[in-house]
Amino acid sequence: MKTGSLTPTRRQFAVGAAGLVAMPAIVRAQTRKTAKVSVGRQPYAAGNSPVTQRMIGEKMLEKAAADLGYDLTVDWRDYPSALPMVEAFISGNLDIGMWGNTPIVRLLAQGQPINLLSVGEGHLRFVLAVRKDSPIKSIADLKGKTVGALVGGDPYNALSQMLLCELGNADPRSFDIKVVNTPTQAQAASIPDGMDASVVIYPAFLKAQAEIGIVGVMNSFGYSEAGYDGPAGKGAGHLLPGAKKSKFFPDGYYLHRSFWICSDRIVGADAAIGEAFLVASQRAIAELVKEKPGDVANSVQKYWGLPPELGAKAVEDEVLLQRGWAWPTEGDAAAITQISQFMVEGKLIPKPLEWDKVKSAFAKASPLLKKAYEATGKVPAESGFTDQKAKDLRGLPAWQADQWKAPA
């Protein structure tokens, strides 16, 4: 085809001495595809909150989509937990969402058509909390008690792993522990009448600790909190005896990872939207890691309700900001498989997920991940994925999943 007969899409670029030169923005805008996308987030949780807040404030998703030929309208939706988001996704009323391992394992076990895009947040601290006058000083004291936790979510899963490693069984019923569902973190952190303790995510714990004086006993990282008094000693900061029994050590009893998931449309007919989402979220992370943790926390103060000095503690725990990137790795994927095994022990699902089923959940997004990785500067360098000195579980990225090995 002669140069003069280029189609409008190809006329966006002209070759000059310095390579490809973009034509005026008005020309590009006229050739963009108009589309809409709905994105669900959990702003009251951890790392997804400041990342998406930055994406919203600077319209980073819209800008990344425009570079890929889309005039995109984004419908951002706030959810208190994963459950209503999962329901919206299954009903076809949500394109992209973010939730933890537990609902992901459940949907994969049911054969639901979900695609894992990237890590949404990770290394969230879950705290076993009690009232300040509580006689509960260690996990053994939970026997016969009532504990609040988000049933079917990560707080329940974290509780089951604490029980497994410290007391030898992941099923609360084995210790006559009654688990009451706490659908919101605010409810869990309040430890309402009828509950003796609860499992609370760190931002909500810090807020309730400051406002109503709840006390932590232990956390999912494997360490005691201020209210602890048991075999490891008294007070905060003691490595608990069962922590090293965990398959996730040194991450803790429970390897928390939440993932961005999407429908087939976002990795298929409108794959450029999926790529734009990955590019935008990585650019947001790259900006946030350059800022002080207190400033990052302050950007979501209206959700966390924490002053910068407390919010900074939650920011410093976040794996996205420790890594500086969100690409899913072999270690992240293995965590899903291993957690499914623990969910069997906790009587949440009948059998663990097959490794091939977990790998296949990343398959459709893998080409988009590689494109986004390259488009945002290849962070980290390839050696960073397998850095043996890293404090978190890693491995080869999803676009090299053909080299992933099933976890032992």
Side-chain angles (χ1 to χ4, degrees), residues 38-43 45-49 51-52 55 77 79 81-83 85-86 88-90 94-110 112-124 150 152-155 157-158 201 248 251 254-264 266-267 273-275 277-282 284-285 318-323 325-340 343 353 355 357-366 368-370 372-373 385 392-399 401 404 407:
S38 53
V39 183
R41 62 177 190 148
Q42 297 186 53
N48 90 101
S49 187
V51 171
T52 53
M55 292 168 69
R77 303 176 186 174
Y79 291 88
S81 65
L83 182 58
M85 202 184 318
V86 173
F89 181 81
I90 292 176
L94 187 67
D95 297 308
I96 300 173
M98 202 276 326
W99 52 76
N101 284 322
T102 304
I104 287 172
V105 169
R106 284 182 180 275
L107 291 184
L108 290 177
Q110 295 168 6
Q112 294 285 350
I114 66 171
N115 302 284
L116 300 181
L117 267 176
S118 63
V119 178
E121 62 186 26
H123 205 228
L124 179 60
L150 179 61
D154 288 306
N157 223 17
I201 66 171
F248 304 127
D251 251 87
Y254 179 60
L255 182 60
H256 167 257
R257 293 289 186 272
S258 292
F259 292 88
W260 287 105
I261 61 88
C262 70
S263 63
D264 280 343
I266 303 302
V267 290
I273 295 177
E275 183 181 345
F277 182 87
L278 294 168
V279 167
S281 57
Q282 179 58 25
I285 293 169
E318 176 54 50
V319 75
L320 294 180
L321 302 181
Q322 290 176 354
R323 285 178 172 179
W325 43 273
W327 324 116
T329 69
E330 184 176 8
D332 301 321
I336 296 176
T337 304
Q338 291 171 328
I339 286 168
S340 77
M343 287 174 67
L353 292 176
W355 178 233
K357 181 173 287 188
V358 174
K359 287 205 311 181
S360 66
F362 292 92
K364 291 181 181 179
S366 291
L368 309 183
L369 283 160
K370 187 175 183 181
Y373 169 69
F385 290 111
D392 57 275
L393 293 179
R394 300 184 181 184
L396 294 174
W399 53 88
W404 286 359

| message | Side chains of Asp154 and Asn101: any donor to acceptor distance under 3.5 Å? | response | no
Taking the side chain as every heavy atom from C-beta outward, state whether [X] and [Y] have any atom pair closer than 4.5 Å.
X: Ile96; Y: Phe277; answer: yes
X: Trp404; Y: Trp355; answer: yes
X: Leu116; Y: Ile336; answer: yes
X: Val119; Y: Trp327; answer: no
X: Met98; Y: Trp260; answer: yes
X: Leu368; Y: Val267; answer: yes
X: Gln42; Y: Glu121; answer: no
X: Ser81; Y: Leu150; answer: yes

| task | Show the numbers, then the answer: is there a ring-ring contact (aromatic ring centres under 6.0 Å, His included) between Tyr373 and Trp399? | result | CA-CA 10 Å; Tyr373 169 69; Trp399 53 88; 4.8 Å; yes
Give the minimum heavy-atom separation between [X] and [Y], together with the two atoms involved.
X: Lys357; Y: Ala109; value: NZ-O, 4.4 Å
X: Gly40; Y: Leu94; value: N-CD1, 3.6 Å
X: Ala46; Y: Leu124; value: CB-CD1, 3.5 Å
X: Gly395; Y: Thr329; value: O-CB, 3.4 Å
X: Val51; Y: Ser281; value: CG1-O, 4.1 Å
X: Ser118; Y: Pro328; value: CA-CD, 3.8 Å

Would you give the length of the straight line joining atom [atom1] of [X] to atom [atom2] of [Y], rounded to the nearest 0.5 angstrom?
X: Arg41; Y: Ser258; atom1: CZ; atom2: OG; value: 14.5 Å
X: Leu278; Y: Leu369; atom1: CG; atom2: CG; value: 5.0 Å
X: Ser340; Y: Leu108; atom1: OG; atom2: CG; value: 9.0 Å
X: Ile114; Y: Ile261; atom1: CD1; atom2: CD1; value: 6.0 Å
X: Glu318; Y: Asn48; atom1: CD; atom2: CG; value: 8.5 Å
X: Leu320; Y: Ile285; atom1: CG; atom2: CD1; value: 4.5 Å

| query | Do the rings of Tyr254 and Phe248 sit parallel, tilted or perpendicular, given the 30° and 60° boundaries? | reply | perpendicular
| field | With Arg323 via salt bridge (charged side-chain N to carboxylate O under 4.0 Å, His left out) - residues at least two apart | value |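 Partners of Arg323 under the salt bridge (charged side-chain N to carboxylate O under 4.0 Å, His left out) test: Asp332, Asp392.
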| Pair Trp99 + Tyr79: ring centers closer than 6.0 Å | no
| field | Heavy atoms of other groups near Lys370 NZ, more than 12 under 6.0 Å | value |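 Open.
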